[in-house]
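Comments concern the structure below.
What's counted below: heavy atoms across the whole structure, side chains too, no hydrogens, waters or symmetry copies. Because the structure is a prediction, the values reported are computed rather than measured.
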Amino acid sequence: MSEKGIANKLLLLPSSLVIGAFVIVPCALVLLASLASISDSEGWVFALDLSNFARFFSWFYIERALFSIGLCMMVVVISLLLAYPFAYFLSGFSAKVKNIWLIYILAQLTLSEVLIAFSWQILLSRKSGLSNILVSLGLFDKPFAMTPSATGVLLGLVYLVIPFMILLLYPAFSRMDKSLVEAARTLGASPLRSFFTVVVPTTKSAIISSSVTVFVLTLGAVIVPQVLGAPKHWTLSVLIMDQAVFNSNVPFASALAVVLLLLSGGVIGTIFFLGKGKTA
Amino acid sequence: MALTIGRRKFLGVTAAAAATTLAAPAIVKAAGSKLRIGTFGGYFEESFEKFIYPAFTEKTGIEVQSFATPVPSVVVPQLKTAAQTKTAPMDVIMFSGVARAEGAKLGVYKTLDDKKIPNLSNLPERFQDRDAEGGLYGVGALSWFITLCTNTDEIPEAPTSWSALWDEQYKDQIGLLALPQNAWMLEVTATTFFGGTDILSTREGLEQVFDKLRELVPNVRLWYRDEGSFQQALQDGEIPMGQYYHDVAGLAAAEGFPVRSTMPKEGGVQDSGYWISPKYAEPIDEIHEFINFTSSPETQSLLARSVGTAPVVDLDLTDLTPEEISAVTSTIPPITPRYDVFVENKDWITETWNEMISS
Amino acid sequence: MTFLRRIYLALFAVYLLGPIFVIAAVSFNAKKFLAFPPRGFSFRWYVEIFAAEEWLTSLTASLTIALSSATLSVVIALPIAYVVWSRNLRYAKALLSLGIAPFILPPVIMALAFLLMFSSIGMYGWAINVVIAHAVFLLALPLVTISLGLESVDKELVEASRTMGATGWTVFKTVIFPIAAPFAFAGFAFCFVISLNEYIIALMTVGFTVETLPIKIFNALRYGYSPVIASIAVMFLVINVIVFSLIAKFSNLPRILGAQE
């Protein structure tokens with residue numbers, strides 16, 4: 001047995017090294033760098049400098065952070081409302097139809113954020129965009145551009161995350177005992193009523209986990225806010241990239257990254273806590 | 001079209017490099033006997049490989065190993081590490097204005113020998129970078145212009161001054177670059193309304209200029225990061241006016257789009273790339289030879305024709321025709337970016353700028 | 001109710017597929033316009049992907065990176081998932097959580113972390129950086145799929161073959177591997193497609209020396225819009241569909257996604 005123990009440890013050695021060197025060390029570096037000082041002659045040096053965090057606490061960055069959170073929450077709510085019924089119906093489809101849908105949804109899910117952002121830019125443009133369809137329907141007099149705008153950012157982000165929402169909700173529906181719904185119906189509950197009293201509660205944990213995932217995913221989006229939004233729609237992630245790539249201020253980029261990490265962690269924690277509290 | 005790509009790509013701050021294979025690091029290390037020259041990647045590097053390096057090799061017999069450099073914000077720390085170990089990752093590198101000044105503060109460049117660059121006299125002083133002791137460390141390589149561009153269908157009469165951007169009739173109709181370090185709108189504002197860029201030397205002056213600049217914010221419909229989206233909007237007339245690249249707008253016009261570039265009476269913004277050499281680069285003679293070569297009027301003409309860049313030497317010295325000259329530059333004295341001001345106040349300017357554009 | 005359901009499903013399908021349809025239409029424009037409906041019809045923007053050397057170089061670089069990082073990721077994940085399943089070691093479980101973490105964090109954080117890591121050890125711009133970075137970033141995918149696969153291996157069967165004298169390796173080869181392999185393949189395929197489509201980590205690790213396809217697309221768009229972008233989007237979607245169809249064919253797609261059939 002102990003020989004096996006050693007064998008197992010040996011088996012894990014290469015993976016441990018990789019995870020140590022390329023997960024733990026880089027993350028530790030971000031933490032360290034967030035406390036580094038900028039120096040004229042050295043670029044930046046490790047120190048115990050809180051000024052990078054102090055810089056975050058100005059109205060500009062706090063507003064950016066609040067905006068990012070608000071935007072992510074809206075995206076979560078909209079995509080949940082859109083995807084939830086679909087995930088429910090999906091679990092009832094025949095195996096073949098289901099597979100076709102799953103393949104398509106996965107294909108859209110993996111599509112690069114760059115491509116989605118620019119596709120939506122075409123869709124929202126004046127010359128070749130959706131507004132032309134609205135004009136031909138007689139709703140507007142002449143076509144108009146819908147970017148840059150908050151609506152544009154929302155549309156793009158929801159489209160980006162909706163496959164995730166569907167795929168995270170759908171397993172819960174597939175496990176759900178459909179006879180419960182039928183029982184509720186036989187007992188005289190209306191379809192809507194049985195939906196809210198039986199279906200929604202049994203999928204609660206899936207709703208929570210998919211909402212959290214989509215929230216963090218949206219928080220990490222960098223291209224869509226840049227391409228479809230005006231500067232006032234740029235999120236914390238965009239600012240982090242700017243600081244790291246264009247301003248070569250790695251310490252401040254790291255501090256912003258730590259803030260982003262705390263925000264994601266905080267939201268994940270809160271949602272799980274609330275979810276647990278309610279079940280208890 | 002190729003030219004279009006090349007010039008925009010050169011913008012440097014955001015330029016990404018040509019695709020290299022997995023063997024890239026091996027190439028860089030094995031360069032050895034050749035002069036290793038780094039430029040911003042993509043089409044730009046390709047044009048240098050195609051037109052400039054062969055001409056240099058033919059003239060001097062010195063072979064060139066070309067490669068694409070990362071953005072300066074990545075290269076500068078790298079040069080610092082190299083300097084500590086007394087090595088040089090490459091021999092000559094083209095830098096944007098801002099990165100050049102940042103690296104100079106770290107002292108990671110080689111001080112060049114004026115005497116070994118006879119052609120230096122062709123270059124105006126602003127294309128010769130010197131440290132406090134007068135030591136030469138950066139030499140202008142090429143430049144480009146940002147001008148006032150308009151859609152000819154929407155605005156039949158071309159505006160003549162940058163002040164048109166402030167005109168209230170263009171509310172929510174103009175497009176400007178979104179990054180302060182390639183838009184240079186502080187310089188434009190200072191020149192248009194405060195008689196020159198001297199006012200930018202003090203924080204007070206900067207604040208005054210920012211106040212003036214803030215007045216045009218209601219006019220801005222698009223703060224663009226990707227030039228493509230602005231060009232598209234300008235061509236469609238969706239955004240009838242904004243700042244854009246002179247030669248690229250010219251090419252779009254030549255392709256039949258209703259676009260024109262106007263060199264405002266205050267001058268266009270002339271941004272430039274500079275050659276620098278890492279402190280411990282060894283082939284000293286070859287390095288000087290190369291910089292001397294690109295500082296010659298012939299090479300500058302070749303660059304203007306093949307890459308579409310504006311010469312850094314006096315125009316009288318070149319053999320460019322008037323048409324060729326107006327395609328890349330102008331005789332109106334340009335607005336020159338204050339790289340020093342940006343580097344000195346980087347965090348403050350970035351923050352104030354970001355607050356301004358996101359209000 | 002059925003009527004409402006149909007309308008909802010139809011609208012939802014239009015919402016998901018509509019944009020793709022418009023992009024596909026734009027990609028067939030005959031002229032260099034992003035016009036919808038398209039003016040004229042031509043395949044030239046598809047030809048350009050393969051004819052223009054710059055696009056082909058990026059495509060090759062991206063494919064190489066995606067294949068290498070997906071392989072590496074599976075190789076790292078396999079022992080962890082295996083030991084968690086067979087021994088349930090606390091250490092292995094900790095590794096499993098650590099391996100999943102990067103995928104859950106906003107990618108820009110990991111991108112910054114990798115940038116710091118590689119630049120501080122002097123490996124700037126090496127193509128291998130993005131292979132490692134993607135392998136680590138996407139480690140969660142093979143970890144999860146392989147764990148799922150192992151769960152469906154009958155432990156009693158393993159015990160039985162052990163008592164009959166089979167060595168660990170033989171058991172692995174004859175009992176465990178055949179069942180777990182499709183799931184490992186699924187993990188590989190997921191890594192492959194996501195690596196192929198990933199932008200921000202690639203940009204911050206090698207973005208200035210290697211132009212992967214998403215970086216190339218972003219750069220190309222900066223320099224002027226051309227229908228070639230639309231054709232590339234369509235091509236990517238087709239690649240993605242093919243990969244996932246293969247997974248669906250060779251293993252159980254709903255099960256991999258955690259559904260119960």
Side-chain angles (χ1 to χ4, degrees), chain A residues 8 11-12 14-16 18-19 22-27 29-30 33 82 85-86 89 91 98-99 102-104 106-108 110-115 118-120 122-123 125 127-128 132 159 162 167 170-171 174-175 191 216 219-220 222-223 237 240-241 244-245 250 253-254 257 260-261 264, chain C residues 1 5 8-9 12 16 19 22-23 26 34-36 76 79-80 83 87 89 91-92 95 98-99 101-102 104-109 112-117 120 132 136 193-194 197-200 204 214 217-218 221 229-230 232-233 236-237 240-241 244-245 248 253-254 257-261:
Chain A
N8 279 326
L11 200 58
L12 289 177
S15 306
S16 308
V18 173
I19 288 179
F22 297 105
V23 178
I24 299 176
V25 172
C27 290
L29 277 174
V30 171
L82 283 174
F86 183 78
F89 294 137
S91 68
K98 194 182 334 187
N99 256 339
L102 287 177
I103 289 168
Y104 172 74
L106 280 165
Q108 190 190 322
T110 42
L111 208 56
S112 183
E113 194 194 339
V114 176
L115 287 172
F118 282 98
S119 301
W120 276 90
I122 297 174
L123 287 169
S125 72
K127 271 270 169 74
S128 44
N132 292 290
Y159 193 77
I162 213 149
L167 289 184
Y170 145 75
S174 77
R175 279 191 224 108
V216 176
L219 209 51
V222 278
I223 311 291
S237 294
I240 294 175
M241 195 184 79
V245 177
V250 171
S254 303
L260 185 66
L261 190 68
S264 334
Chain C
M1 194 64 192
R5 189 188 126 159
Y8 164 80
L9 281 176
F12 198 77
L16 285 189
V22 173
I23 300 306
V26 168
L34 295 181
F36 179 80
I76 303 167
I80 301 176
V83 176
R87 300 276 137 209
L89 284 185
Y91 175 68
L95 272 185
L98 271 176
I104 301 175
L105 299 177
V108 71
I109 295 181
L112 182 66
F114 289 128
L115 174 79
L116 265 170
M117 163 89 197
S120 55
I132 298 174
V136 169
V193 280
I194 297 187
N197 285 278
E198 203 281 333
Y199 172 77
I200 183 76
M204 284 171 69
I217 295 166
F218 193 71
L221 283 161
I229 308 304
I232 285 182
F236 260 101
L237 197 76
N240 295 354
V241 165
F244 291 116
S245 306
L253 201 50
L257 296 169
Q260 211 156 46
E261 293 301 301

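Closest approach of C:L16 to A:Y159, counting heavy atoms only: O-OH, 2.5 Å. Minimum interatomic distance between A:Y104 and C:L237 (heavy atoms only, all atoms of both residues): CE1-CD2, 4.3 Å. The two residues C:I200 and A:M241 come nearest to each other via the heavy atoms CD1-SD, 3.2 Å. Heavy-atom minimum distance, C:N197 versus A:S112: O-OG, 2.8 Å. Minimum interatomic distance between A:L111 and C:A233 (heavy atoms only, all atoms of both residues): CD1-O, 4.2 Å. Nearest heavy atom pair, residue C:A248 against residue A:I103, reads CB-CD1, 3.9 Å.
Within the 4.5 Å cutoff, the side chain of A:P26 has no heavy atoms near those of the C:L116 side chain. Between C:L105 and A:L261 the shortest side-chain heavy-atom distance falls below 4.5 Å. With contacts defined as side-chain heavy-atom distances shorter than 4.5 Å, the pair C:P254/A:L102 qualifies. Looking only at side-chain heavy atoms (C-beta outward), A:I122 and C:I229 stay at 4.5 Å or farther from each other. At a threshold of 4.5 Å between non-hydrogen side-chain atoms, the residues A:F89 and C:Y8 count as touching. Using a 4.5 Å heavy-atom cutoff, the side chains of A:V216 and C:P106 are in contact.
The contact between A:A33 and chain C is made entirely by side chain atoms (from C-beta outward), counting heavy-atom distances below 4.5 Å. Both the backbone and the side chain of C:V241 come within contact range of chain A, each with at least one heavy atom under 4.5 Å from a heavy atom of that chain. Proximity to chain A (any heavy atom under 4.5 Å) is restricted, for C:I132, to the side chain, taken from C-beta onward. Proximity to chain C (any heavy atom under 4.5 Å) is shown, for A:S91, by neither the backbone nor the side chain. Looking at A:L123, the atoms closer than 4.5 Å to chain C (heavy atoms on both sides) all sit in the side chain, from C-beta outward. For a residue to count as touching a neighbouring chain, one of its non-hydrogen atoms must lie under 4.5 Å from one of that chain's; by this rule C:P102 touches chain A with the side chain only. Contact annotation for A:S264: only side-chain heavy atoms (C-beta onward) come within less than 4.5 Å of a heavy atom of chain C. Contact annotation for A:I24: only side-chain heavy atoms (C-beta onward) come within less than 4.5 Å of a heavy atom of chain C. Interface residue A:I19: only side-chain heavy atoms are found under 4.5 Å from chain C. The parts of A:P85 that come within reach of chain C are both its backbone and its side chain, each placing non-hydrogen atoms under 4.5 angstrom from that chain.
For the atom pair CG (A:L219) and CD1 (C:I109), the distance works out to 8.0 Å, reported to the nearest 0.5 Å.
A donor-acceptor contact shorter than 3.5 Å is absent between the side chain of C:Y199 and the backbone of A:I223. Side chain of A:S15 to main chain of C:I76: a donor-acceptor pair is present (N/O by atom type, distance under 3.5 Å, no hydrogens or angles).
Chain A forms the most heavy-atom pairs under 4.5 Å with one residue out of C:F114, C:Y91, C:F12, and that residue is C:F12. The choice from A:G220, A:P14, A:S237, A:A107 that makes the most heavy-atom pairs within less than 4.5 Å of chain C is A:A107. Counting heavy-atom pairs closer than 4.5 Å to chain C, the top residue among A:S125, A:S119, A:C27 is A:S119. The candidate from A:L29, A:L11, A:V30, A:L12 with the greatest count of non-hydrogen atom pairs under 4.5 Å with chain C is A:L12. Interface check for chain A: of the options C:V108, C:I104, C:V22, C:I194, the most heavy-atom pairs under 4.5 Å are formed by C:V108. Of the listed residues (A:I162, A:T110, A:L115), the one with the most heavy-atom contacts under 4.5 Å to chain C is A:T110.
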